[in-house]
Amino acid sequence: MRTILITEGKTKVESPNPEDFKTGAGDYAPSLTKVFYNPNMELCRDISISVAQVTAQMFNRLYICDPLAGIGIRGLRYANEVKGVARCVVNDKSMDAFELIKRNAELNGLSNSVEASLADANIILLQNRGKFNFVDLDPFGSPAPFLDAACSSLSRRGMLALTATDTAPLSGTYPKTCLRRYGAKPLKTEYCHEIGIRILIGFAQRIGGLHEIALTPVLVHATRHYFRIYLQGQRGAQRADELLKEMGYISHCNACMRRKISYGLITELPEHCECGRKYSHAGPLWTGKLADKRFIQEVIADLSERNFGLKHQEISLLCRCAEEADGPPTFYDLNRLAGFLKKPTPKMGELISAIRSNGYFASRTHFSNTGFRTDAPIEEILKIIENA
Ligand code: SAH
C-alpha cells in the first residue's frame, strides 16, 4: 500500500494515497484500499470535532471510543483537536489499520491520551462497559451490528454518534433490507432521507431502551451518501419510556401529498386519506425533534473559531439544521407542488414568508434545496402557491 502524509484539521496522518482509489469527478472508492480512508468525509469529521468540543464542555472530560477507526483519523483528531479529552481508544480489527493507527498516534505526539487497539469493535466496547461518554460508530455500511455494545459502553450520560452509509435501504430503495436490519418500513417520497434518518434514530432508541438509556437526537444531517446522527444518552428507564411516546408512523398520500403522524409504537394507522385514496405508511420511526437548536448554535460557534478549509459549507449546513430544528416531521418539495398545480415555481423565500405570516412554522430544510418544512395544512400551502 502506497501511503502519503496528509493533514486534516490540525492533525497529520499517514494515509493510503487518495490518487490510488480515485474514481473521477472528485469521488473515491476507499473500500478498495487495504486501510479505509475517505477524503470526502472531512466535512463530517470537522463537524464531529466541534460536537465533541461542545460535549466536552458539558461533561468536563471526554472518554472517547472510535471502535471502527480505519487509519484512526477520527479518534486521533478528537485527541488532538478537542480540549478535555482524557482518553481515546482508537480501534480496528485490521492489522494494517492498527499499525497505521499506532504510527499516526506517534506522529502527532498523542501516545499519552490515545490507546491504539486491535480487536473486534463489539469486544472492545463490551470490555469497557460504562466507560465512555463519547462513542463514535463510523462504519462502512450499517452501524446496527455495533449499537448494542456501544450502548453498554456508554456511561450515565454520554454522546453516541452514528454514521450510516446504507442509505439505499433506509430511504426505501431496498425496503426488505430495511425491515430486516432496522425492523421498520421505509417509504420512497420526496422526504425519504428524513424517513431513513428517523428510522435509524428509532432503531437506536429501541436498542438504547434495552439498556435503559434514553437517546435524544441533538443534531442529524444527511450529506452525500451518508446519514450522520448525534444522540445524547441519559440512563434511566423512565426517560427511555418517555421517548417511546414519540415513536410512531408517518402515513403519506401519494395522490394529494397529505401526511399524517400516528404516535406510539403500537397504534392504529389510518387506512384512507381525506381525499379518499389509500395511505402508504413508514415506520416505526422517531417522530420527535431531529435537533436541539441551542446545541447546534454552540457547535456553530465552536466551528467558527477553528481554521478549517470547508468551514463555509459546514456552517451553512448547520445553519439550515438549526433553522428547521423546531419544525414538524416531513417537508414538501416546492417544484412538485408547483407542478401539481401547473403553476410556475414561486421563490422559496417568498413562500416561506407567506406561510409564516399566516401564523405557521416554515423553514428551509438541509435535506433538499427545493424542500421546505411547515406545519401548515396542505390546502393552505396550495392556496398560497396558487395566489403567488
Ligand atoms: N471511521 C473511519 C472509517 C472506517 S471504515 C474514518 O473516519 O475514516 C470501517 C472500518 O471498520 C474499516 O477500517 C474496517 O477494517 C473496520 N471494521 C469493520 N468491521 C469491524 C469490526 N467488527 N470490528 C472492528 N473493526 C471493524
Side-chain angles (χ1 to χ4, degrees), residues 1 3-18 20-21 27-52 64-82 88-105 108 114-128 132 134-150 152-153 159-167 181 221 223-230 308 310 314:
M1 179 175 54
T3 59
I4 54 165
L5 268 186
I6 56 160
T7 302
E8 215 191 84
K10 283 189 182 160
T11 307
K12 283 194 291 287
V13 280
E14 189 182 330
S15 105
N17 190 341
D20 293 346
F21 53 96
D27 273 329
Y28 299 93
S31 53
L32 295 181
T33 61
K34 256 190 173 165
V35 184
F36 189 103
Y37 172 70
N38 187 351
N40 281 336
M41 292 294 274
E42 184 173 350
L43 173 139
C44 177
R45 286 186 287 262
D46 286 353
I47 291 175
S48 305
I49 297 295
S50 290
V51 167
I64 303 181
C65 189
D66 176 9
L68 303 153
I71 65 169
I73 184 74
R74 271 179 191 276
L76 295 172
R77 286 194 61 187
Y78 288 136
N80 197 31
E81 298 173 39
V82 177
C88 183
V89 175
V90 187
N91 174 79
D92 203 284
K93 68 172 182 186
S94 134
M95 179 58 93
D96 291 308
F98 174 64
E99 294 295 342
L100 263 189
I101 293 167
K102 276 195 298 192
R103 287 212 293 277
N104 283 332
N108 292 279
V114 168
E115 269 172 61
S117 151
L118 172 67
D120 186 276
N122 282 327
I123 294 186
I124 193 79
L125 289 165
L126 289 171
Q127 281 172 341
N128 283 277
F132 300 119
F134 196 101
V135 176
D136 190 339
L137 284 185
D138 184 53
F140 179 67
S142 166
F146 310 106
L147 262 169
D148 185 56
S152 56
S153 80
M159 188 70 79
L160 178 58
L162 302 180
T163 311
T165 63
D166 58 338
T167 54
R181 204 170 277 164
H221 59 98
T223 311
R224 295 176 76 107
H225 62 288
Y226 66 90
F227 297 154
R228 178 78 170 159
I229 67 178
Y230 297 91
F308 289 148
L310 299 168
E314 290 151 354

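For ligands, and for the atoms within them, numbers begin at 1 and follow the listed sequence.
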Do any nitrogen or oxygen atoms of ligand 1 lie under 3.5 Å from a protein nitrogen or oxygen, and which ones?
| from | atom 1 | to | atom 2 | distance (Å) |
| --- | --- | --- | --- | --- |
| ligand 1 | 1 (N) | L68 | O | 2.9 |
| ligand 1 | 1 (N) | D138 | O | 3.3 |
| ligand 1 | 1 (N) | D138 | OD2 | 2.6 |
| ligand 1 | 7 (O) | R45 | NH1 | 3.2 |
| ligand 1 | 7 (O) | R74 | NE | 3.4 |
| ligand 1 | 7 (O) | D138 | OD2 | 3.0 |
| ligand 1 | 8 (O) | R45 | NH1 | 3.4 |
| ligand 1 | 13 (O) | D92 | OD2 | 2.7 |
| ligand 1 | 15 (O) | D92 | OD1 | 2.7 |
| ligand 1 | 22 (N) | D120 | OD2 | 3.0 |
| ligand 1 | 23 (N) | A121 | N | 2.8 |
| ligand 1 | 25 (N) | K93 | N | 3.2 |

Task: Where at least one partner belongs to residues 67-77, residue pairs that pass salt bridge (charged side-chain N to carboxylate O under 4.0 Å, His left out), sequence neighbours excluded - done: E8-R77, D46-R77, R74-D136, R74-D138, R77-E81

Task: Residues R45, E42: salt bridge by 4.0 Å N-O rule - done: no

Task: Shortest non-hydrogen contact between L76 and V90, atoms and distance - done: N-CG2, 4.4 Å

Open item on the list: My understanding is that only residues two or more places apart in sequence, or in another chain, count here; which of them pass side-chain hydrogen bond (donor to acceptor under 3.5 Å, both in side chains) with N122?
Closed with: none

Task: Partners passing ring pair (Phe, Tyr, Trp, His ring centres under 6.0 Å) against Y37 (at least two apart in sequence or in another chain) - done: none

Open item on the list: Any donor-acceptor pair under 3.5 Å linking the side-chain atoms of R228 with those of Y230?
Closed with: yes

